[in-house]
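Single-structure report; data block below.
As the structure is a prediction and not an experimental result, all values here were calculated from the model. All heavy atoms count here, side chains included; hydrogens, waters and symmetry mates do not. Heads up: numbering here begins at 1 and tracks the sequence.
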Amino acid sequence: MSERRPIGRAAVTGGGGFLGRYLVEQLRADGVEVTIFGRRDYPFARALDVRCVVGDLTQGDRLREAFRGADTVFHVAAIAGIAGPWQEYFATNTIGTRRVIEACRAEGVGRLVFTSSPSVTFDGRDQEGIDESVPYPKRFLCPYPHTKALGEQ
């Protein structure tokens with residue numbers, strides 16, 4: 001088992017969302033310096049002494065600004081849902097993930113934690129007891145799981 005390295009500085013994409021906000025709060029409680037990368041400036045972040053960088057995931061320069069100096073990036077941002085234009089999902093969930101990886105490499109970030117979704121394997125049948133070895137479905141039911149699966153790949 002590898003030695004657990006502490007996190008000194010982290011960036012969280014989607015840090016203003018449901019999962020991201022909770023993650024930001026926990027990191028701050030552990031004394032980690034945090035930068036949120038999100039679509040807006042979040043008032044709760046000021047109370048936690050958290051820096052916000054506003055942009056969208058396709059903007060590599062903004063991602064690099066947010067990730068500069070971070071040793072860990074938590075990529076939890078996504079467009080979720082079951083309806084909407086394919087291109088919006090693809091731009092954020094697939095191309096955006098590619099841009100996150102590129103920005104991490106460019107800024108020398110040592111760890112990237114990618115959050116996907118169990119929906120990437122959902123084919124309309126019960127998923128109780130499955131694990132990550134389950135293949136992607138032959139046909140996705142909506143753009144969200146399809147573009148998240150493409151982001152994983």
Of all heavy-atom pairs between E152 and S116, which one has the smallest distance, and what is that distance?
-> OE2-OG, 2.5 Å
Solution key, residues 34-41 side-chain donor-acceptor pairs under 3.5 Å, sequence neighbours excluded:
unit_1 : atom_1 : unit_2 : atom_2 : d
T35    : OG1    : R51    : NH1    : 3.4
D41    : OD2    : R46    : NH1    : 2.8

Are any non-hydrogen side-chain atoms of V32 and R9 less than 4.5 angstrom apart?
-> no
Do you know which two heavy atoms are closest between G15 and F44, and how far apart they sit?
-> O-CZ, 3.4 Å
Drop me the distance from L57's CG to T92's OG1, to the nearest 0.5 angstrom.
-> 6.0 Å
Kindly state each residue pair satisfying salt bridge (Lys or Arg N to Asp or Glu O under 4.0 Å) with at least one member in residues 125-142, sequence neighbours excluded.
-> D123-R125
When every non-hydrogen atom of A149 is compared with those of F140, the smallest separation belongs to CB-CZ, 3.8 Å
Run the numbers on V100 and L63 for side-chain contact (heavy atoms from CB on, under 4.5 Å), then give the verdict.
-> CA-CA 7 Å; V100 166; L63 287 165; 4.1 Å; yes
Does I7 reach the side chain of R111, with side-chain heavy atoms less than 4.5 Å apart?
-> yes
Hey, what do you get for OH (Y144) to CG (N93), rounding to the nearest 0.5 Å?
-> 6.5 Å
With rounding to the nearest 0.5 Å, note down the distance linking NE2 in H146 to OG in S119.
-> 12.0 Å
Nearest 0.5 Å, what's the CG-CZ distance between L23 and F18?
-> 12.0 Å
Residue pairs, two or more places apart or on separate chains, that pass salt bridge (Lys or Arg N to Asp or Glu O under 4.0 Å) and touch residues 100-110 = R64-E107, R68-E107, R99-E102
Cluster partners of L141, using ILVMFWY side-chain heavy atoms under 4.5 angstrom, listed by chain and number?
-> F122
Hey, is CZ on F114 packed in by over 12 heavy atoms from elsewhere, all under 6.0 Å?
-> yes
Could you grab the distance from atom NZ of K148 to atom OG of S117, nearest 0.5 Å is fine?
-> 7.0 Å
Taking a hydrophobic cluster as the set of Ile, Leu, Val, Met, Phe, Trp and Tyr residues connected by side-chain heavy atoms closer than 4.5 Å, whether directly or through intermediates, do V12 and L112 fall within one such cluster?
-> no
Quick one: side chains of residues 73-91, donor-acceptor pairs under 3.5 Å with protein atoms, not counting sequence neighbours, listed by atom name and distance.
unit_1 : atom_1 : unit_2 : atom_2 : d
H75    : ND1    : T13    : OG1    : 2.7
H75    : NE2    : T97    : OG1    : 3.1
Y89    : OH     : A83    : O      : 2.7

Locate the shortest heavy-atom distance separating G8 from D71; write the atom from each residue and the value.
-> N-OD2, 3.1 Å
Output yes when a side-chain donor or acceptor of T121 lies under 3.5 Å from a complementary backbone atom of Y136, and no otherwise.
-> no
Heavy-atom closest pair, residues A11 and A70 | N-CB, 4.2 Å
Mind checking whether V109 and T72 have side chains closer than 4.5 Å, heavy atoms only?
-> no
Taking salt bridge (Lys or Arg N to Asp or Glu O under 4.0 Å) as the test, write out the residues that go with E25, two or more places apart.
-> R21
